[in-house]
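Read through the structure below, which is laid out as structure tokens, and then see the notes.
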Amino acid sequence: MPKTMIEPFRIKSVEPIRMTTRAERERLLEAARLNVFQLRAEDVLIDWLTDSGTGAMSARQWGAIMEGDESYAGARSFFRLEKVIQDITGMDYFVPTHQGRAAEKVLFTAVCKKGDLVPSNCHFDTTRANLEYVGVQALDCVIAEGLEPATLHPFKGNIDLERVEALLRKEGARIPFGMITVTNNTGGGQPVAMANIRAYAALLKKYGKPLVMDVCRFAENAMFIKMRESGYENTSVRAIAQEMFSYADAATMSAKKDGMVNIGGFIVLRSDEWLDEVRNDLIMMEGFPTYGGMAGRDLEALAVGLEEGLDEDYLRYRLRTAEYLGEKLDAAGVGFVKPTGGHAVYIDAKTVLPDMPVAHYPAWALCNALYLEGGIRGVEVGSMMFGRRLDDGTETFHSMELVRLAFPRRMYTQSHFDYAAEVIADVKQKAASIRGVKITKQPKFLRHFTVQCTWA
Ligand code: F0G
């Protein structure tokens with residue numbers, strides 16, 4: 001067998017990307033106030049801002065789009081998708097929403113109350129925000145290894161069961177359900193082991209609490225289980241996913257990830273206990289229960305996408321992509337969260353810019369440098385995202401300075417990754433000339449999206 005793992009698809013429709021000159025990028029970044037979120041996408045060569053809703057649909061999905069039934073109530077497309085989701089999740093009740101955060105908002109509004117506490121491995125930003133919005137404390141309980149970038153562990157997304165048990169004992173009355181995010185995006189796209197999901201569900205059950213899974217990247221998680229957890233080598237990824245879901249009582253999904261679509265999401269429920277409340281809120285926030293926040297054609301594309309997202313050749317290539325970039329970074333002496341996760345590589349900016357003070361935002365500086373040197377756009381996950389300006393004008397800084405490069409599905413080929421690896425290695429060589437930034441204007445919340453900067 002040849003060693004090269006090829007993209008398991010050929011390209012039917014192409015979208016040009018535009019190379020800019022270094023001088024142009026300097027001008028564009030200055031105009032964006034040194035904030036890559038403020039760039040126009042057409043000025044970016046390789047856009048690795050997110051893997052969410054940015055992937056390429058297949059010919060089968062585009063075909064299915066023409067079959068969309070746009071009826072307001074009882075559309076055929078709803079029943080087609082319902083069947084696919086029931087089969088994968090083993091749950092009876094499917095509630096469509098327009099994306100993941102809407103599923104969270106609808107579910108939490110229906111079943112949480114002020115003063116509650118919800119543990120998870122790590123809550124994603126929108127999950128945390130939606131919980132906090134209804135007055136719930138969102139608590140991260142990932143295992144210690146999950147917070148150490150350089151520590152190797154096959155399932156760094158696992159939840160700390162002892163910590164959860166202590167919580168259930170002490171704060172049980174405040175806990176409406178437990179959550180777990182697969183894969184753990186906030187912790188580096190790291191997988192959760194089947195044994196951990198099973199034990200977590202059993203623990204919650206012992207205390208009479210349901211398990212709600214955040215399943216945006218369930219297929220990638222299932223593939224990691226197949227590759228890393230003993231006993232699953234010969235189980236199909238589909239059967240692994242079905243077993244993962246068998247431990248849950250409900251799930252929220254952003255279909256923009258492993259659903260292989262550009263927009264969409266859903267809630268699934270095992271019992272009808274929460275169903276009436278959920279559907280009432282859905283009608284107010286999203287739409288009638290057979291379309292939620294989605295068009296009929298989007299329901300069709302998702303029905304196909306969920307099946308394609310479970311294809312093992314695709315998943316093997318998908319996970320290998322991140323690993324491949326990781327190997328190149330290793331060779332260049334660039335640190336990153338190890339092992340590489342499913343959908344992204346998280347570069348440890350302190351290994352590229354060791355001498356830059358945190359007050360100059362090294363991960364932000366690295367993000368800017370990747371754009372200036374190679375037209376690549378990533379996301380800072382560091383002190384710009386998580387640091388805070390206090391009333392006295394001083395700052396708190398984040399413990400890690402990471403740059404996330406998240407890969408849209410079926411979109412970039414191996415040469416794009418080779419190119420990116422060269423750019424990153426080149427930036428490391430030039431580290432002494434990379435400039436940090438100072439903030440000139442910032443909003444009160446979520447400052448990284450709109451912050452304005454100047455060179456430090
Ligand atoms: N849960 C997880 C684990 C996510 O990664 C996301 C989105 C959501 C929920 C919310 O879903 O965007 O459809 O509303 N993550 C994207 C990202 C935005 O870039 O990681 P959504």
Side-chain angles (χ1 to χ4, degrees), residues 36-37 41 44 47-55 95-109 118-133 138 140 142 146 156-157 159 179-192 197 212-222 224 244 248 250-268 282 285-286 292-294 298 301-302 305-306 309 322 337 341-346 367 377-382 385-386 402-409 411 446 448-449:
V36 296
F37 275 106
V44 174
D47 204 346
W48 286 345
L49 195 70
T50 178
D51 66 320
S52 180
T54 48
V95 179
T97 62
H98 79 278
Q99 63 181 74
R101 66 198 69 184
E104 293 161 1
K105 186 165 181 61
V106 168
L107 182 68
F108 302 158
T109 306
V118 173
S120 187
N121 43 358
C122 292
H123 293 276
F124 180 67
D125 318 16
T126 61
T127 323
R128 170 179 299 282
N130 274 312
L131 284 168
E132 290 175 353
Y133 191 75
D140 290 347
V142 70
K156 280 174 105 165
I159 192 162
M179 284 194 79
I180 195 149
T181 314
V182 295
T183 57
N184 189 26
N185 183 13
T186 310
Q190 298 292 325
V192 182
I197 299 174
V212 177
M213 294 210 293
D214 175 345
V215 295
C216 310
R217 301 180 181 86
F218 76 97
E220 290 170 7
N221 200 86
F224 274 121
M244 284 165 51
T252 55
M253 167 105 184
S254 166
K256 299 169 75 171
K257 285 82 167 174
D258 284 354
M260 316 293 275
V261 289
N262 303 119
I263 193 75
F266 58 85
I267 302 167
V268 271
L282 185 83
M285 298 179 200
E286 292 285 289
M294 292 168 79
D298 295 333
L302 179 54
L306 282 168
V337 175
H343 67 295
V345 168
Y346 293 65
C367 235
R377 175 155 73 169
V379 168
E380 188 251 21
V381 183
M385 190 180 272
F386 294 118
L402 305 176
V403 173
R404 182 183 84 166
L405 302 175
F407 314 127
R409 291 166 181 75
M411 168 139 316
L446 297 171
H448 54 290
F449 291 125

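Each ligand, and each atom within it, is numbered from 1 in the order the structure gives. Quick caveat: nothing in here was measured; it's all calculated off a predicted structure.
Ion pair Asp258/Arg217 not flagged as a salt bridge, since none of the NZ, NE, NH1 or NH2 atoms sits closer than 4.0 Å to an Asp/Glu carboxylate oxygen. Checked for salt-bridge contact, Arg409 and Asp51 meet the test: a charged N lies under 4.0 Å from a carboxylate O.
A donor-acceptor pair under 3.5 Å is formed between the side chain of Arg404 and the backbone N or O of Leu49. For the pair Glu104 (side chain) and Thr127 (backbone), a donor-acceptor distance under 3.5 Å is present. Looking at Glu286, its side chain does come within 3.5 Å of a backbone N or O of His98 through a donor-acceptor pair.
Protein residues are said to neighbour a ligand when one of their heavy atoms lies under 4.0 Å from it; for ligand 1 these are Thr50, Ser52, Gln99, Gly100, Arg101, Glu104, Phe124, Thr126, Thr181, Asn185, Asp214, Cys216, Arg217, Ser254, Lys256, Lys257, Arg404.
Under the 6.0 Å cut-off for aromatic ring centres, Phe37 and His448 qualify, their centroids lying closer than that.
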